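Note sheet for the following structure.
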There are 2 protein chains.
Amino acid sequence: MATQSTGERLHAAALTLFAERGYHGTGIRQLADAAGLSSASLYHYMGTKEDLLVAIMRASLGELVEKGEGIAADLRRTPRDRLVDLVGLHVTTHALAPDQTRVVDDEVRVLSTEARREVVALRDRYEAAWQRVLEDGAAAGSFTMTDPALTRRALLEMCSGVARWWTPRGPLGPDEVAGEYAVLALRLVGARPRRVVRDTPRG
Amino acid sequence: MATQSTGERLHAAALTLFAERGYHGTGIRQLADAAGLSSASLYHYMGTKEDLLVAIMRASLGELVEKGEGIAADLRRTPRDRLVDLVGLHVTTHALAPDQTRVVDDEVRVLSTEARREVVALRDRYEAAWQRVLEDGAAAGSFTMTDPALTRRALLEMCSGVARWWTPRGPLGPDEVAGEYAVLALRLVGARPRRVVRDTPRG
DNA sequence: GATGCCCGATCGATCGATCGATCGGTAGGC
DNA sequence: GCCTACCGATCGATCGATCGATCGGGCATC
């Protein structure tokens, strides 16, 4: 791992503190202590405290959105495979970087109108990627659900929840959880059995 | 609706504000304004600001726990029926009282050790009720899941998410959402088709 | 190679505002 | 004459933010 610049150290520290104590629960002096700076020096690296929050959100969410859209838009692959990959992306991200997702999910409300619009737009793009895969699956007949939008919301909330309970000290690793969740997701969308024809084992 | 006492008005106002802006994002002067009191008078009805938060959490979560345990413990009913009712309880509560559930879910971290222990104990009881129903279903062979604890977490997060997206202005009412979610829940736990050919005994 | 200057990085001190909380009261029903 | 209900004034602490200043390394000039 490359040595961390001061700016990166600040971002990392802020991420941890915002996730732990919330945006309003974190003072700039705590931020400064965690980053190894004085409170005055903070302002050399960030604009306002809110700017710092926005930067963190943009980085975290932006990466997720790009990866998600990449998976969703790969039309060479079946909706089923794309859904499994989306679940894998979302679950492993939420397990391994719970701070990022917690901040993005919980602190949107503190943003002023302008900043909120940007973050919400990113989130909308991410949800649209999921929606697309669900609808592709429904159109292809491989998924059976009464309401794709509702199923998408249920699915995403289910997967996001991983950040609220998973711990590295539990019995399952991130990839194992992702695997289990992929099964759950396929059940949720009413995916047809894996091999559509009569290859089924165990009668 | 009965006329509201000042104490009730304070609780209701605090609930709204805490849910909207978060505990640390809400000042006692805002609390006082919303309750129609001076900031000094607040202290006639609450102890500290944290006591107020705890009281709100206790009331909201306590009611949910009691109802949940009541459903889960009714062994005259099938695990399937009990699960459907748990989902109905959870989803309609989260749809109709999103403020309560949002505060309970998001603000646990601000509690000091002692208060947190109490709230977490309540939450554990609630989760245990769900766990029991899932395990009853697995034991009876009516649910098929590889990991009841993981499924329970997925299920609860999925249902809790309703508070984060449902709005009375949407196309579906609370009961309709609850119905859809019951279907999703039954898919998640791998419930066998509704009528299992032969008639099931009551037991 | 030494000199002088600039600038990124950092700090102590401090700003006005607001925080949660407490004080000593008062008004009025019982 | 006490108790519930309420308030204006104010407390010390902390909030986010800004100030002027310092320090040291790079860099052009001589």
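Values below: every heavy atom of this structure, side chains too, minus hydrogens, waters and symmetry copies. Every chain is numbered from 1, with letters handed out A, B, ... down the list of sequences. Note that this is a predicted model, so its numbers are computed, not measured.
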Choose from D:dA17, D:dA9, D:dC7 the nucleotide whose nearest atom is closest to any side-chain atom of B:S39.
D:dA9

Atom CZ of B:R21: over 12 foreign heavy atoms under 6.0 Å
no

Can you find a side chain N or O atom of A:S41 that sits less than 4.0 Å from OP1 or OP2 on C:dC11?
yes

Just how far is it from atom OG1 of B:T101 to atom CG of B:L96, taken to the nearest 0.5 Å?
10.5 Å

Under the ring pair (Phe, Tyr, Trp, His ring centres under 6.0 Å) test, residues paired with B:F143 that sit two or more places apart:
none

Test salt bridge (Lys or Arg N to Asp or Glu O under 4.0 Å) applied to A:D105 and B:R164, step by step
CA-CA 10 Å; A:D105 290 344; B:R164 282 185 279 273; over 6 Å; no

Contiguous pairing runs of three or more, Watson-Crick or G-U under 3.5 Å, that involve DNA chain C
C:1-29 with D:2-30

Taking everything shown except B:E50 itself, do over 12 heavy atoms lie less than 6.0 Å from its CD?
yes

Which of residues 15-23 of chain A sit near DNA chain C, with a heavy atom under 4.0 Å from it?
none

For nucleotides 24-27 of chain C, print each protein N/O atom paired with a nucleotide N/O atom at under 3.5 Å, atom names and distance only.
none

DNA chain D contacts made by residues 46-57 of chain A, counting heavy atoms under 4.0 Å:
A:T48, A:K49

List the steps and the verdict of side chain to side chain contact (heavy atoms under 4.5 Å, CB included) for A:T48 and A:D51.
CA-CA 5 Å; A:T48 64; A:D51 290 338; 3.4 Å; yes

Judged by modelled atom types alone, do B:E157 and A:S160 share a side-chain donor-acceptor pair under 3.5 Å?
no

About how many Å separate CG of B:D99 and CG of B:L17, when rounded to the nearest 0.5 Å?
9.5 Å

Short side-chain N/O contact to C:dT10 OP1/OP2 from A:H44, under 4.0 Å
no

Side-chain polar contacts of residues 170-185 of chain B - donor-acceptor pairs under 3.5 angstrom, sequence neighbours left out - could you list them?
{"from": "B:E176", "atom 1": "OE1", "to": "B:G173", "atom 2": "N", "distance (Å)": "2.6"}
{"from": "B:E180", "atom 1": "OE1", "to": "A:T146", "atom 2": "OG1", "distance (Å)": "2.9"}
{"from": "B:Y181", "atom 1": "OH", "to": "B:W165", "atom 2": "NE1", "distance (Å)": "3.4"}

Would you please classify the geometry between the A:H90 ring and the A:H94 ring as parallel, tilted or perpendicular, with 30° and 60° separating the classes?
parallel

Proximity to DNA chain D (any heavy atom under 4.0 Å), residues of residues 102-111 of chain B only:
none

Do A:L31 and A:L37 pass the side chain to side chain contact (heavy atoms under 4.5 Å, CB included) test, and can you show the C-alpha distance, the side-chain angles, and the key distance before you say yes or no?
CA-CA 8 Å; A:L31 242 22; A:L37 291 171; over 6 Å; no

Residues B:F18, B:R102; criterion side chain to side chain contact (heavy atoms under 4.5 Å, CB included); working and verdict
CA-CA 9 Å; B:F18 286 165; B:R102 202 171 306 207; over 6 Å; no

Hey, could you give me each pair passing side chain to side chain donor-acceptor pair (under 3.5 Å) that has a residue in residues 55-64 of chain A? Not counting sequence neighbours.
A:R58-A:E118, A:S60-A:Q100, A:E63-A:K67

Side chain of B:Y43: nearest nucleotide among C:dG20, C:dT10, D:dG8?
C:dG20

Separation between CG of A:D136 and CG of A:L83, rounded to the nearest 0.5 Å:
11.0 Å

Using a cut-off of under 3.5 Å, enumerate the N/O to N/O pairs linking the protein to nucleotides 28-30 of chain C.
none

For DNA chain C, the residues among residues 24-37 of chain B that have a non-hydrogen atom under 4.0 Å from it:
B:T26, B:G27, B:I28, B:R29

My understanding is that only residues two or more places apart in sequence, or in another chain, count here; which of them pass salt bridge (Lys or Arg N to Asp or Glu O under 4.0 Å) with A:R77?
A:D85

Show every donor-acceptor pair shorter than 3.5 Å between a side-chain atom in residues 149-156 of chain B and any protein atom, with sequence neighbours excluded, or say none if there are none.
{"from": "B:T151", "atom 1": "OG1", "to": "B:D147", "atom 2": "O", "distance (Å)": "2.8"}
{"from": "B:R152", "atom 1": "NH1", "to": "B:Q131", "atom 2": "OE1", "distance (Å)": "2.7"}

